[in-house]
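Note sheet for the following structure.
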Number of protein chains: 4
Amino acid sequence: MTRTVGSHGPTTSLAIRKAGLRLITEHGFEAMSLRQLAAEVGLQTASLYNHIKTKQHLLFELIHEHLTALLEQTDAALAQVAGESPTRRLERFVLHHLTYHMEKKREVFVANFELRGLSPENYKVIVALRRRYEARLIAILDEGVAAGMFDLLDTQVAAYAILAMLTGACTWYRPDGRLSTDDVVMLHTKMLLNGCLHLAGGNTPS
Amino acid sequence: MTRTVGSHGPTTSLAIRKAGLRLITEHGFEAMSLRQLAAEVGLQTASLYNHIKTKQHLLFELIHEHLTALLEQTDAALAQVAGESPTRRLERFVLHHLTYHMEKKREVFVANFELRGLSPENYKVIVALRRRYEARLIAILDEGVAAGMFDLLDTQVAAYAILAMLTGACTWYRPDGRLSTDDVVMLHTKMLLNGCLHLAGGNTPS
Amino acid sequence: MTRTVGSHGPTTSLAIRKAGLRLITEHGFEAMSLRQLAAEVGLQTASLYNHIKTKQHLLFELIHEHLTALLEQTDAALAQVAGESPTRRLERFVLHHLTYHMEKKREVFVANFELRGLSPENYKVIVALRRRYEARLIAILDEGVAAGMFDLLDTQVAAYAILAMLTGACTWYRPDGRLSTDDVVMLHTKMLLNGCLHLAGGNTPS
Amino acid sequence: MTRTVGSHGPTTSLAIRKAGLRLITEHGFEAMSLRQLAAEVGLQTASLYNHIKTKQHLLFELIHEHLTALLEQTDAALAQVAGESPTRRLERFVLHHLTYHMEKKREVFVANFELRGLSPENYKVIVALRRRYEARLIAILDEGVAAGMFDLLDTQVAAYAILAMLTGACTWYRPDGRLSTDDVVMLHTKMLLNGCLHLAGGNTPS
DNA sequence: TATGAATGAGAGTTCATTCAT
DNA sequence: CATGAATGAACTCTCATTCAT
């Protein structure tokens, strides 16, 4: 009754998803062929269809799983600083976003830059999830502005700008690069916090 | 300056490039077919080859022309503030980057997110051009740090972060949206300048 | 005669054959997929192979069973009018053919229009059975001609023509249509008998 | 300026259609592969698409062209006997139907037995054409009944029966067979006319 | 008896590109 | 400068069938 270790339980499905992420990251979704994917996993192309519904659905699943996990973990992280100051909460958000994104580079990349490959219906679902994530940040910024601590013309645009910067990090960050994750986090945290804060001197750009 | 009316020579080529930009933006380079492109311009597919060398070369041209123009205009813009303070120069850079990017949304998008479609040789050329552009910003940041005005752990990473934020703007910016270009420029300028400046109080993150 | 309830052994096999007939009728043999068939019966495709040898063999079985039954019943019907006049025997043949065919529309359709799907060996077997059936009709026509009652140039061709007409009926006949089976039988019997009879006046076509 | 004889004008398109008819007749529409078809014509599969829209559309075209021609020629034939007796007109119809069908066996076969391969929309169009053809025969039968010359319970059903018999002829008729076309025509004409006529003696089936 | 997974073959269709006209 | 036709490669996906469990 014991299942042979390593044998075809969810193993193959996982391998497909993992290889899929890699290939999509490298060549783009449209440019990745199922032949390639199958070869990577050591299957015939036809066998893929025992594990995925269609190529399109695979893309959807990969992005959906990523966004769901991201949302969940973000909420958990923010729960730790519930009731604290907007600055503290923003700091926490940045920390979590960066660590998560630097760890799951591939998932992030796909979820951010391969939305074009989604069918219209799938696209809608994914965009809704993204909106929910953005809403977390916007809420923090709104609190900060309401408390007179943040100085932002428009919290939604500010949120987009912040996310663009943070997510951009996962594009160029290399684990074996010059900077540690801590460095990257510190650098971005400082830039963004300073950028949002209402500064006494009022050094608005000339 | 005179051009014989009806000699639609360059006209067709321009139309192809314009439609190409649009289709690549919408569907991605790999997903855009030359059939589509030809139809868009009112030609048969075969006729495209009177105006482009290959599909690959079209992509290269589009990106190359964009980057060349961007570099040229950036240098012109910075020349206007030669010798001024790093803050002023950074402000100028941000202003120019944003206005240019919000005006040429499609070119920017293609040049940023379709590099994967380039052949290795073409990729090298383009990346070199991008490096030169990034170098302009890094230089400004370096000056600022050297002058003790900017407080940045790593100017290269800071430059990437800044560019990610700025370029991100062209992704979500809609000319008919809630914010004017001026608003967008002001908002980003303020965030970034504050983010870079060496603040007296020393509000390092907790 | 007793069969353990729940031992759905033959039940499943029957369900498969029934669904097979339906699907082949609707989509054609080549166009029917075993996936479809399995789904129709509530099985996985692989499980079908516990009940059929191959797709090809299923087709063969369906047709073979039909033709065997048809032959058997036809002989029984004709036995009832053994020794009677060719006219009476022809009448009986027509009656039986039509009633049988209108009742087993699907079997008839498959046996008539899906022979192309048979493998060469299976094809031979089936065609031999059909020949035997046609022979029954030809024999009646021959008797009629010999007795001077039927006026037919060629009894084989006449048999084909008659069968074509009769079998055609099963194509358009709808149980819930305008005509009852009795109507259909009467109409065809009259047409065919008149068509075969040696008419006194000799109304040969001009 | 003169076009090379035999060169690629409509020649290739015609060859495709001709080979298509043959292959569909032999293997059935679904079973015919475009690879086969291309090979038959000496092309690469892809090249077919310079001449056909899709496989489905090819089928539609073949049937549509056939039915259109059939209708047209039938009307021409019937025009020759306009105003004559129903018997004469029926005779003419039978003659034309048989000669046309024995000459264009393949077209007839496809148009009669491959309707299942048509998409729902195409199916509708084709069925409408067939209805128009059947209407020609029904009209003749109606005239005959009205004039008291034909004895038919139901002209529509009679028409179906007649067409089934006539069309069936094209299934088994072989140009090199035992019977000449004339024989076949005479045999069927006699059977059908006798079958329809109102006979003095009133030999209704017992 | 039923199943999930695997397979090899092959389906229709689209692709970028070439070339004679 | 534009075109229709041709090409070879590649695409996603489905097929009937097998086999260990």
- For A31(B) and A31(D), take the nucleotide of DNA chain E holding the closest heavy atom to each; which residue's nucleotide lies nearer the 5' end? A31(D)

- Item | K55(B) side-chain N/O to S33(B) backbone N/O, donor-acceptor pair under 3.5 Å | no

- From CA spacing to verdict: side chain to side chain donor-acceptor pair (under 3.5 Å), T12(C), H51(C): CA-CA 8 Å; T12(C) 306; H51(C) 303 275; 4.7 Å; no

- Quickly work out the H57(C) NE2 to dT17(F) P distance and round it to whole Å. 12 Å

- Message: Nearest to the Q44(B) side chain among dA6(E), dT3(F), dA2(F), which nucleotide is it?
- Response: dT3(F)

- Query: When you measure from the side chain of Y49(C), which nucleotide among dT12(F), dT17(E), dA16(F) comes out closest?
  - Reply: dA16(F)

- Query: OP1 or OP2 of dG10(E) less than 4.0 angstrom from a side-chain nitrogen or oxygen of S33(D), does that happen here?
  - Reply: no

- Note on the structure: Separation of dG12(E) atom P from L58(D) atom CG, nearest Å, is 11 Å

- Task: Report yes or no: is there a donor-acceptor pair, N or O only, under 3.5 Å between the side chain of R35(D) and the base of dG12(E)?
- Result: yes

- Using atom CD of Q36(C) as one end and atom P of dC13(F) as the other, report the distance to the nearest whole Å. 19 Å

- Check the distance between dT13(E)'s P and M32(D)'s CE and give it to me in whole angstrom. 10 Å

- Toward the 5' end of DNA chain E, by each residue's nearest nucleotide, G42(A) or A46(C): A46(C)

- Message: Measure CG/L37(D) against C1'/dG10(E) and give the value in whole Å, please.
- Response: 16 Å

- Item | Side chain of N50(A) - closest among dT7(F), dA5(E), dT3(F) | dA5(E)

- Message: Quick check: on DNA chain F, is the nucleotide nearest L34(A) upstream (toward 5') of the one nearest L48(B), or the reverse? Name the residue that is more 5'.
- Response: L48(B)

- Atom-to-atom span, CD1 of I52(A) to C1' of dT14(F) - whole angstrom: 13 Å

- Query: Given dA2(F), dA6(F), dA16(E), which nucleotide is nearest the side-chain atoms of L43(D)?
  - Reply: dA6(F)

Just distance, no hydrogens or angles: give the donor-acceptor pairs under 3.5 Å from side chains in residues 105-114 of chain A, sequence neighbours left out.
from, atom 1, to, atom 2, distance (Å)
K105(A), NZ, Y173(A), O, 2.6
N112(A), OD1, R130(A), NH1, 3.4
N112(A), ND2, V108(A), O, 2.9
E114(A), OE1, F29(A), N, 3.3
E114(A), OE2, R116(B), NH1, 3.0
E114(A), OE2, R116(B), NH2, 2.9

- Message: So that I can compare with my own list, what are the stems of DNA chain E, taken as at least three consecutive Watson-Crick or G-U pairs with distances under 3.5 Å?
- Response: E:2-21 with F:2-21

- Item | Atom-pair distance (CD on E30(D); P on dA16(F)), nearest Å | 12 Å

- Under the 3.5 angstrom rule, does the side chain of S47(B) hit a backbone N or O of L43(B) as a donor-acceptor pair? no

- Query: So, is T12(D) close to the dA6(F) phosphate, meaning a side-chain N or O under 4.0 Å from OP1 or OP2?
  - Reply: yes

- Item | Note, Q36(D) side chain near H27(D) side chain (heavy atom, < 4.5 Å) | yes

- Message: From C-beta outward on K55(C), which listed nucleotide comes closest to its side chain: dT1(E), dC1(F), dT17(F)?
- Response: dT17(F)

- Message: Please pick, from dT1(E), dA6(F), dA5(E), the nucleotide with the shortest atom-to-atom distance to any side-chain atom of H51(A).
- Response: dA5(E)

- Message: Tell me whether the side-chain N/O atoms of S47(C) come closer than 4.0 Å to OP1 or OP2 in dT1(E).
- Response: no

- Item | Nearest-nucleotide 5' precedence on DNA chain F, K53(C) against T45(B) | T45(B)

- K124(D) vs L118(D), side-chain contact (heavy atoms from CB on, under 4.5 Å): CA-CA, chis, key distance, verdict: CA-CA 9 Å; K124(D) 264 189 225 158; L118(D) 289 170; over 6 Å; no

- Item | Distance, rounded to the nearest Å, where L59(A) contributes CG and dT12(F) contributes C1' | 15 Å

- Nearest non-hydrogen partners of G20(D) and L37(D), listed with the distance: N-CD1, 3.5 Å

- Task: Check Q56(C), E61(C), H57(C), H64(C) against N122(C) for a side-chain hydrogen bond (donor to acceptor under 3.5 Å, both in side chains) and give me the one that passes.
- Result: Q56(C)

